[in-house]
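In what follows, a structure is listed as structure tokens, so that the remarks can point back to it.
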Amino acid sequence: MQKEKLQDYIFPKNFYWGAATASHQVEGNNHNDWTEWEKSEKRVKDLKSSGLVNKHGLDNFVSGRSADHYNKYKEDFKLAKELGHNATRFSIEWSRIEPEEGKFNQKAIDHYKDVIKTLKELDIEPFVTLWHWPIPIWLRDKGGLKSSEMPKYFVRYAKKVVEVLGDDVKFWIVLNEPEVNTGMGYMLGIWPPQKKNILQYFRVTYNLMKAHKLTYREIKKINPKAQIGIAKQNVSFSLKKNTPVNRIIRCLANFYWNHVWLCSLKKYQDFIGLNHYFHCVVDYGLYKNDFKIVNDLGWEIWPTSLYECLKDLEKYNKPVYITENGLADAKDEKRTWFIYEMLKGVHKAIEEGIDVKGYLHWSLMDNFEWAEGYWPRFGLIEIDYDTLERKPRKSAYFYRDICIHNGIVVSTVDKYKKEIEKFS
Ligand code: FCB
């Protein structure tokens, strides 16, 4: 470890500590536009021709049973509690609640009621996401997110969910990373529905913004005290050389990527949900990083990046909840150090006046990482996909100590010195 003075980093009272998941990634056996896409001829052909099937096997790319969290949520939340968490973020699967247009499935509603009840009984605060990307098949067949009716359909679904589940939920995250989903699905054409169509990209962006605003109003009508936001994935940008051109590039990229959604929805957010994974070095272009320390997906880890993103949110003057932050690290080599560095940054941002109120690590458990499939391991808890056995990784116990002490204390750092020093 560099000659850093060891000290305690204590967080504000009532800070939320926990982890996040998303329905499609952990529940298993969903039926939505993604599950259909995963098995589609085009997708399978693409995977085969890119050599990815040879590398990971076809099953890697089909969500299937996943971690079976739909059936094992009680066990999983009990484990979260044992790991010191006092908050959990999860998402409601639209295709389960409304498998047919306009028909709500009581069994699915009862399921999520019990999910929330289970969390409440454990004294774990639920942060509930209404849309974490997949959509029901009937909506896909009506044009999906680009349909002009989409905002109306979304609000009908959201209203129903909040009416039936809202009593015990204070925090609603209406949309997860809409900018990522629209970019991947409608601009880069990598995710369903695999379009490369700029007009559709803007159409979908417009629809999702409209859906969010309408939903915000509906939730407030049902429960004026509800706290509502989106989860926005912000990138920290730094300059290789401080030249005027680089500064302009950074300014434009930062505005386009980090602020368009947050500015447009400023009046419709009680808090900012910050998801954070990426750091981008600007050098007459983007992502000119050295990639010195990377996670298993090759994403660079930049110890101060979360701090930088938090500082960049200052102008909104709103409470911030870190709704995702984590890394793919199958061997659990870097996770302890990563959490340590990221949380030091959060602490510093708080000291400098940013109102950060919670940290939800991505992810509670290993899961289906979208187009990458199962091989990336983001979990604090390791999942054996054959036996469904759950096993907390060592870093989960490091994080537990932090949750329990409401901060990073010297004795914890001492205990995990070896893991922390490896990369410092
Ligand atoms: C985020 C997603 C989340 C997960 C992480 C690794 O962009 O919101 O579902 O896949 O990346």
Side-chain angles (χ1 to χ4, degrees), residues 89 127 129-133 145-146 150-151 154-155 158 171-188 198-220 226-239 246-280 282 286-287 305-325 345-346 349-350 352-358 360:
R89 176 182 171 213
F127 284 69
T129 312
L130 287 168
W131 177 72
H132 202 126
W133 300 348
L145 299 176
K146 72 175 191 314
M150 189 287 271
F154 185 81
V155 178
F171 297 101
W172 293 100
I173 295 162
V174 180
L175 307 175
N176 179 70
E177 298 185 3
E179 77 290 358
V180 173
N181 189 275
T182 49
M184 299 295 265
Y186 292 87
M187 192 139 72
L188 301 177
I198 200 78
L199 289 178
Q200 288 188 10
Y201 167 78
F202 284 119
R203 175 93 228 159
V204 171
T205 300
Y206 170 82
N207 282 350
L208 285 168
M209 283 188 181
K210 189 167 166 196
H212 175 85
K213 290 179 187 171
L214 295 171
T215 302
Y216 182 91
R217 290 205 197 104
E218 283 303 325
I219 301 179
K220 285 288 179 187
Q227 294 296 293
I228 306 160
I230 62 167
K232 175 71 192 64
Q233 198 228 84
N234 277 13
V235 172
S236 83
F237 291 94
S238 68
L239 304 179
N246 276 346
R247 284 202 300 274
I248 291 170
I249 297 176
R250 176 176 65 177
C251 182
L252 292 174
N254 188 42
F255 176 73
Y256 173 70
W257 187 257
N258 289 339
H259 294 289
V260 168
W261 275 86
L262 293 178
C263 284
S264 310
L265 300 180
K266 206 158 54 190
K267 292 201 209 119
Y268 302 86
Q269 289 176 102
D270 303 312
F271 65 85
I272 293 179
L274 172 66
N275 289 3
H276 174 65
Y277 296 95
F278 296 103
H279 171 70
C280 170
V282 176
L286 297 172
Y287 287 99
S305 63
L306 180 53
Y307 163 77
E308 285 149 18
C309 283
L310 288 169
K311 289 291 279 184
D312 193 40
L313 297 176
E314 193 158 14
K315 63 176 179 219
Y316 296 103
N317 207 9
K318 287 186 199 283
V320 180
Y321 295 88
I322 294 151
T323 36
E324 284 182 32
N325 175 235
V346 177
I350 295 172
E352 293 173 10
I354 312 293
D355 188 15
V356 189
K357 289 184 173 301
L360 300 164

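Here the CG-CD1 distance, from Leu274 to Ile230, works out to 10.5 Å after rounding to the nearest 0.5 Å. For the atom pair OG1 of Thr129 and CG of Asn176, the computed distance is 6.0 Å after rounding to the nearest 0.5 Å. Note that CD of Glu179 is 6.0 Å distant from CD of Gln233, once rounded to the nearest 0.5 Å. Atoms CG and CG, from Leu310 and Asp355 in turn, are 11.0 Å apart once rounded to the nearest 0.5 Å. Separating the CZ atom in Phe154 from the NZ atom in Lys210 is a distance of 14.0 Å, to the nearest 0.5 Å. Rounding to the nearest 0.5 angstrom, the gap separating the CG atom in Asn258 from the CG atom in Asn234 is 3.5 Å.
In summary, of the residues considered (His276, Lys311, His279), a side chain to side chain donor-acceptor pair (under 3.5 Å) with Ser236 occurs for His279 alone.
Looking at residues two or more places apart in sequence or on another chain, you find a ring-ring contact (aromatic ring centres under 6.0 Å, His included) between Phe171 and Tyr16, Phe127, Tyr321. Contacts of Arg203 classified as side-chain contact (heavy atoms from CB on, under 4.5 Å), with partners at least two apart in sequence or in another chain: Lys146, Ser148, Tyr206, Asn207.
Looking at every heavy atom in both residues, Leu145 comes nearest to Trp131 through CD1-CZ2, 3.8 Å. Smallest separation of non-hydrogen atoms from Tyr256 and Tyr201: OH-OH, 2.5 Å. Between Phe237 and Ala253, the shortest heavy-atom contact is CE2-CB, 3.7 Å. Across all their heavy atoms, Phe271 and Trp172 have their closest contact at CZ-O, 3.7 Å. Considering all non-hydrogen atoms of both residues, Gly229 and His212 come closest at O-CE1, 3.9 Å. Of all heavy-atom pairs spanning Pro178 and Ala231, the tightest one is CD-O, 4.0 Å.
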Using the side chain to side chain contact (heavy atoms under 4.5 Å, CB included) rule, take Val346 and Asn325 through it: C-alpha gap first, then chi angles, then the decisive distance, then the call.
CA-CA 11 Å; Val346 177; Asn325 175 235; over 6 Å; no
Please lay out, stage by stage, how Asp270 and Lys318 fare under the test side chain to side chain contact (heavy atoms under 4.5 Å, CB included).
CA-CA 7 Å; Asp270 303 312; Lys318 287 186 199 283; over 6 Å; no
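A donor and an acceptor atom, one from each side chain of Asn275 and Glu324, are located under 3.5 Å apart. For Gln269 and Tyr216, the side-chain atoms include no donor-acceptor pair closer than 3.5 Å.
Taking the six-membered ring for Trp, Tyr316 and His259 have ring centres closer than 6.0 Å.
Atom NZ of Lys267 has 12 or fewer neighbouring heavy atoms from other residues, nucleotides or ligands inside a 6.0 Å radius.
Lys220 places no side-chain N or O within donor-acceptor distance of the main-chain N or O of Ile228, the cut-off being under 3.5 Å.
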